[in-house]
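To start, the structure under review is shown below, and the notes come after it.
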Amino acid sequence: MASLRTWFRATQPHSFVASLVGVALGTAVAWNSTRMFDLVAFLLATIGVVCLHAATNMSNDSIDFKRGVDDLPAHLVSPFTGGARVLPDAAVSFEAHRRVWIGFFAAAALIGIVLALLRPNGWILLVLGGIGGAIGVFYTLPPFALQYHGVGEIAVAIIFGPLVVLGSYAVQTGAVGWEPLLASIPLGLLVAAFLLVNEMPEHETDPRGGKRTIPARIGLEKSVTLYEVLVATALIFLVATSLLRLVPWVAVIGLVAVLPLARARAVLRTYYREYPAHIAANAGTIQAVLLLGAGMTAAYVIAGTTAL
């Protein structure tokens, strides 16, 4: 029987940064607007989003393993490529793995229903949760298999940007609004950039299993350019909305993400065809997701406690 440590690895916990900062940001925007905070609702939302994220990661691994996508050369295997590796390494059985990710999807759905029943205007949570759940289920599962058709970046930008942030805001307020939507966009774009840079090392191996990701479609050089466009758009959007006071001007604290992004871009420009030297770009991008999300969350707390 597989250990708890193995099952924890199977969920790819390093990626939960994207979920957690989104929940924190949406909750901070809500608190800044209402000065209200429901701890139980926050914890339920956090657990629900992480369950959905874990289920999506694991179902992705399951489909990739079945199609032979994760049969990678040793030099391409890293913490950011080839999934959690628990199936290729035979650390868990395929059927046990499948039961666990189905369980995670069920847990996420159950928590969403509970929140919808407990919180004001629960129908909003059902709508947002239903959209997020559908994207998570069909991220790699047929008939849509979104990542297999080159729209994975769009899917994760929507989930980890607007859906998670708006959903967390709605959990606290029972409403949606333009401000949490605008605040979510830079975060969603950086998560999309993280997925893109993760897919690049597998641009030749993915198509063998029918997985036509963006790097597989446009090549590595154009993928580097697209990465730069996503990152630049996220940062410019944050600056613009701050200057226009559509979000608190102190939200520019999120620009601390420039530091790891600059390093990631430099590595990617130099080593986009070389592995494992490429890994520093993956690590820098997920660090940027954390710093931007945490910085913007802190900005909303500061704005809510001061006159800034």
Look only at the side chain of [X] and the backbone of [Y], and say whether a donor-acceptor pair between them is shorter than 3.5 Å.
X: Asn121; Y: Ile124; value: no
X: Ser62; Y: Met58; value: no
X: Gln172; Y: Asp38; value: yes
X: Ser184; Y: Leu181; value: yes
X: Asn60; Y: Thr140; value: no

Would you mind reporting whether [Y] and [X] have side-chain heavy atoms less than 4.5 Å apart?
X: Ser59; Y: Phe105; value: yes
X: Arg119; Y: Leu125; value: yes
X: His278; Y: Leu268; value: yes
X: Val164; Y: Val23; value: yes
X: Leu115; Y: Ile111; value: yes
X: Phe104; Y: Thr11; value: yes
X: His203; Y: Ser223; value: no
X: Leu220; Y: Arg273; value: yes

State, without any angle test, whether [X] and [Y] hold a side-chain donor-acceptor pair at a distance under 3.5 Å.
X: Ser3; Y: Thr6; value: yes
X: Thr285; Y: Tyr227; value: yes
X: Glu199; Y: Gln147; value: yes
X: Ser78; Y: Asn282; value: no
X: Tyr275; Y: Glu202; value: no

Before giving the answer on side-chain contact (heavy atoms from CB on, under 4.5 Å), spell out for Leu261 and Leu190 the whole-Å C-alpha distance, their side-chain angles and the decisive distance to 0.1 Å.
CA-CA 10 Å; Leu261 286 173; Leu190 284 194; 4.1 Å; yes
Determine the minimum heavy-atom distance between [X] and [Y], stating which atoms define it.
X: Ala155; Y: Ile135; result: CB-CG2, 3.7 Å
X: Val229; Y: Thr233; result: O-OG1, 2.7 Å
X: Ser15; Y: Asn57; result: OG-ND2, 2.9 Å
X: Pro180; Y: Val165; result: O-CG1, 3.5 Å

Does the pair [X]/[Y] count as a salt bridge with the N-to-O cut at 4.0 Å?
X: Asp206; Y: Arg212; result: no
X: Arg269; Y: Glu228; result: yes
X: Arg85; Y: Asp61; result: no

When you look at Leu292 and Leu238, which way does the side-chain contact (heavy atoms from CB on, under 4.5 Å) test go after all the steps?
CA-CA 10 Å; Leu292 182 133; Leu238 174 58; 4.1 Å; yes
Walk me through it: do Arg99 and His97 pass the test side-chain contact (heavy atoms from CB on, under 4.5 Å)?
CA-CA 6 Å; Arg99 288 194 295 270; His97 188 269; over 6 Å; no
Think Arg35 forms a cation-pi with Trp31, using NZ or CZ under 6.0 Å from the six-ring centre and within 45 degrees of its axis?
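That pair qualifies as a cation-pi contact.
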Charged tip of Arg67 within 45° of Tyr148 ring normal and under 6.0 Å:
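The answer is yes; both the distance and angle limits are met.
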For Phe144 and Val137, run side-chain contact (heavy atoms from CB on, under 4.5 Å): C-alpha distance rounded to whole Å, both residues' side-chain angles, the deciding distance at 0.1 Å, then the answer.
CA-CA 9 Å; Phe144 301 111; Val137 168; over 6 Å; no
Is it true that, when you exclude Tyr271 itself, more than 12 heavy atoms of the residues, nucleotides or ligands shown sit nearer than 6.0 Å to its OH?
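12 or below, so no.
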So does Leu4 have more than 12 non-hydrogen atoms from other groups sitting under 6.0 Å from CG?
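No - once you tally the heavy atoms of other residues, nucleotides and ligands closer than 6.0 Å, there are 12 at most.
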For Lys222, which of Leu226, Val224, Ile218 qualifies under side chain to side chain contact (heavy atoms under 4.5 Å, CB included)?
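For Lys222, the side chain to side chain contact (heavy atoms under 4.5 Å, CB included) check succeeds only for Ile218.
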